[in-house]
Amino acid sequence: MHLWERTIQRRFHRATRLKLTEYLQNVRITKARLLLEPTNGLVEGTAWAVGSTDPAAFRNIFARLAGAKPKVSPIHLHRAVYRQPA
């Protein structure tokens, strides 16, 4: 049986009321929340772990869907605060 991509998208949307990309983003954010809680916010690694190739885009999607930005790790905060002038 062969189904066109567009047919699958329409059927998925009819069944879930979500686009495939919206569903995938929700799954990724749910998994990211579970991964971020015990690690205290290693955002870049979490983005890669849930299948996102761009940590900046991941942060934006996370903020939109979760209602808050993912936590920034203490290491990254330390580097940002104590960055040496060029």
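Source: prediction; values computed, not measured.
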Any donor-acceptor pair under 3.5 Å from Ser52 side chain to Trp48 backbone: no
Mind checking whether [X] and [Y] have side chains closer than 4.5 Å, heavy atoms only?
X	Y	value
Glu44	Arg59	yes
Thr16	Tyr23	no
Phe58	Thr53	no

Considering non-hydrogen atoms only, spot the tightest contact between [X] and [Y] and give its length.
X	Y	answer
Pro70	Leu36	CB-CD1, 3.7 Å
Pro55	Ala47	CA-CB, 4.1 Å
Ala63	Lys69	CB-CG, 3.8 Å
Thr30	Asn26	OG1-O, 2.8 Å
His13	Lys19	CD2-N, 3.9 Å

Same apolar cluster: Phe12 and Val27, side chain cutoff 4.5 Å: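 Cluster IDs for Phe12 and Val27 match.
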Out of curiosity, Ile61 CD1 to Gln25 CD, how far, rounded to the nearest 0.5 Å? 4.0 Å
Say you draw a straight line from CZ of Arg28 to CG of Leu24; how long is it, rounded to the nearest 0.5 Å?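 Between Arg28 CZ and Leu24 CG, I get 4.0 Å after rounding to 0.5 Å.
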Arg33 vs Phe62, side chain to side chain contact (heavy atoms under 4.5 Å, CB included): CA-CA, chis, key distance, verdict: CA-CA 9 Å; Arg33 282 180 160 184; Phe62 189 98; 3.9 Å; yes
Using 30° and 60° as the class boundaries, would you call the ring planes of His2 and Trp4 parallel, tilted or perpendicular?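 Because their plane-to-plane angle is over 60°, the rings of His2 and Trp4 count as perpendicular.
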Flag yes if more than 12 heavy atoms outside Arg64 fall under 6.0 Å of its CZ atom; otherwise flag no. yes
